[in-house]
Amino acid sequence: MHKNKTVYLCSECGADSPKWQGQCPGCGAWNTLAESVAEAESASRRRFQSLAPAAKAQPLAEIEAHEAARISTGIREFDRPLGGGLVAGGVALIGGDPGIGKSTLLLQAMTKLSERVSALYISGEESGEQVALRARRLGIAASRLKLLTEINLEKILALLKSERPEVAVVDSIQTLWSEQLNSAPGSVAQVRECAAQLTRLAKQLAIAIILVGHVTKEGALAGPRVLEHIVDTVLYFEGDAHSSFRLIRAVKNRFGAVNELGVFAMTETGLKSVDNPSALFLSRHERDVPGAAILVTQEGARPLLVEIQALVDDAHGNPRRLTVGLDAQRLAMLLAVLHRHAGIACFDQDVFINAVGGMRIIEPAADLAVALAIVSSLKNRALPDKLIVFGEVGLAGEIRPAPRGQERLKEAAKLGFTRAIVPTANLPRRPIPGIDVTGVARIGEAAAHVEELRRGAK
Ligand code: TYD
Ligand code: MG
């Protein structure tokens, strides 16, 4: 096959250079040149063309908009982060650590899909036997799913064109390589080129494609950030290696809401949807222990109760601040707010924070629970029994409301919690049966109210 010449494009300014250089000749940035195909004029124009079909400009109101038809994967907790299912012509990227269950879930989903639509599984990582073995283990060996083991992009594109499946999986994008480029599979140039080509074909032939992506040590999808821009949906597989729970979170979705969460349990026979996940992330203590606060977090459409644990202990040398499942920067900020606005000092203390069950919490409404867990551990006094907390803490020590407070409170009441400390603005208009809700406006108030509750309980 005729090989196109390669050029090196700067990821910052787009300048090109015939050979690799450490510094971009255009903008002077370092280490930004990456290999790319120098195509004929028409082809290079195609590269920068939008992936949407060409259309005349027309008034927005006149464009007929249909809700994209959803192809359900047959797995409810997978459909949820996808926004209801796959979309014809839509490309989803699913990232996660090795061994977390990406291939398992996709094999399960594709098997279910193959009962209704034509489905093709392209595996670049495992041999046909390995995939068949896994299918047998999952008890889904007799499926109509088609399998292709291939890593050559051109051959894959040709097969997609001739087979015309409705749904295809590429496991994984890092194993593919295009003949157009000299660089190794998994390199930035290859990953970008392969993803772009596959996406273009998906739009052309209205195939729903799911790409599997590896995650680097830093937790980002390996390969360029542009991968996330190319595709329509980005999902992350999360979970603690030591627990059987797995979460799928949507971080980008052109066809639906983000931050929807799918919850699974890894079992002997593959991933199973978890029906009622709200109480999964609570550890069952015999008695109340200092340093534990129960947070109601809202993940997409569902409230989840998560136990936040804090350990505050005398520091020897530089005090350490460590978080698992929560933002470390946010912890530093909360410690400063606690000191400044509530007079609670931890500067000579190590502070460790953990979200139970491998949960990762990104919403700021976790602040108040983290703060109260820290105070509880520092004073070595457990928080009152059956108490839940949520609310964002601002730099001025104010407690800001969290979205969908009512739903959070109702879920907590349903699970048997009887007390809540929440932002004043989240106070329910009508009392919620079974739960006694207190509104707080400042961080100091929250700490004081905990003390009151404790004294009242004695
Ligand atoms: P896998 O889907 O291969 O992960 P990925 O594709 O994300 O790298 O997951 C493999 C892990 O899942 C492996 O450690 C074993 C476990 N597993 C089960 O616990 N039960 C099962 O039924 C299967 C198929 C795998
Ligand atoms: Mg795999």
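Just so we're clear, the structure is a prediction, and the values are computed from it rather than from any experiment. In listed order, ligands and their atoms are each counted from 1.
- Inclusion of L105 in the set of residues having an N or O under 3.5 Å from an N or O of ligand 1 is not warranted.
- In terms of protein heavy-atom proximity, atom 6 (O) of ligand 1 is nearest to S103 OG, 2.6 Å.
- Contacts between L138 and ligand 1, counted as non-hydrogen atom pairs separated by less than 4.0 Å, involve the side chain only.
- Counting only heavy atoms of the protein, atom 1 (P) of ligand 1 lies nearest to T104 OG1, 3.5 Å.
- Checked for salt-bridge contact, E238 and R249 meet the test: a charged N lies under 4.0 Å from a carboxylate O.
- Within a 6.0 Å sphere centred on CZ of R144, other residues, nucleotides and ligands contribute 12 heavy atoms or fewer.
- Atom NZ of K272 has more than 12 neighbouring heavy atoms from other residues, nucleotides or ligands inside a 6.0 Å radius.
- Annotation: R320, atom CZ; neighbour count of heavy atoms from other residues, nucleotides and ligands within 6.0 Å does not exceed 12.
- The shortest distance between side-chain heavy atoms of V324 and F352 does not fall below 4.5 Å.
- With ligand atoms numbered from 1 in the order given, ligand 1 contributes 8 (O) to contacts under 4.0 Å with heavy atoms of P98.
- Judged purely by atom type and a 3.5 angstrom limit, R116 uses its side chain to pair as donor or acceptor with the backbone of S72.
- Nearest protein heavy-atom neighbour of atom 15 (C) of ligand 1: R137 NH1, 4.7 Å.
- Of all the atoms in ligand 1, the ones that sit under 4.0 Å from a non-hydrogen atom of R134 are 1 (P), 3 (O), 24 (C).
- Checking S103 against the Mg ion (ligand 2), an N/O/S atom falls under the 2.8 Å cut-off.
- Taking distance alone, with nitrogen or oxygen atoms compared against 3.5 Å, M266 stays at or beyond that limit from ligand 1.
- Note on ligand 1: D97 sits in its first shell, one or more heavy atoms being nearer than 4.0 Å.
- Within ligand 1, the atoms closer than 4.0 Å to a non-hydrogen atom of E268 are 20 (N), 21 (C), 22 (O), numbered from 1 in the order shown.
- In this structure, T267 is part of the shell of residues with a heavy atom less than 4.0 angstrom from ligand 1.
- Interface atoms of ligand 1 facing T269, defined by a heavy-atom separation under 4.0 Å, are 22 (O).
- Residue-environment remark: NZ (K252) exceeds the threshold of 12 foreign heavy atoms within 6.0 Å.
- Protein heavy atom nearest atom 22 (O) of ligand 1, with residue, atom name and distance: G270 N, 2.8 Å.
- In this model, a donor atom of one side chain and an acceptor atom of the other lie less than 3.5 Å apart for E125 and S172.
- With a 4.5 Å cut-off on side-chain heavy atoms, S118 and E166 count as touching.
- Ligand 1 lies out of reach of G96, whose nearest heavy atom is not under 4.0 Å from it.
- Closest to atom 4 (O) of ligand 1 among all protein heavy atoms lies G101 N, 3.1 Å.
- Nearest protein neighbour of atom 8 (O) of ligand 1, counting heavy atoms only, is G99 N, 2.6 Å.
- Residues R419 and P384 form a side-chain contact, since some pair of their non-hydrogen atoms from C-beta on lies under 4.5 Å apart.
- The closest side-chain heavy-atom distance from T418 to I435 is not below 4.5 Å.
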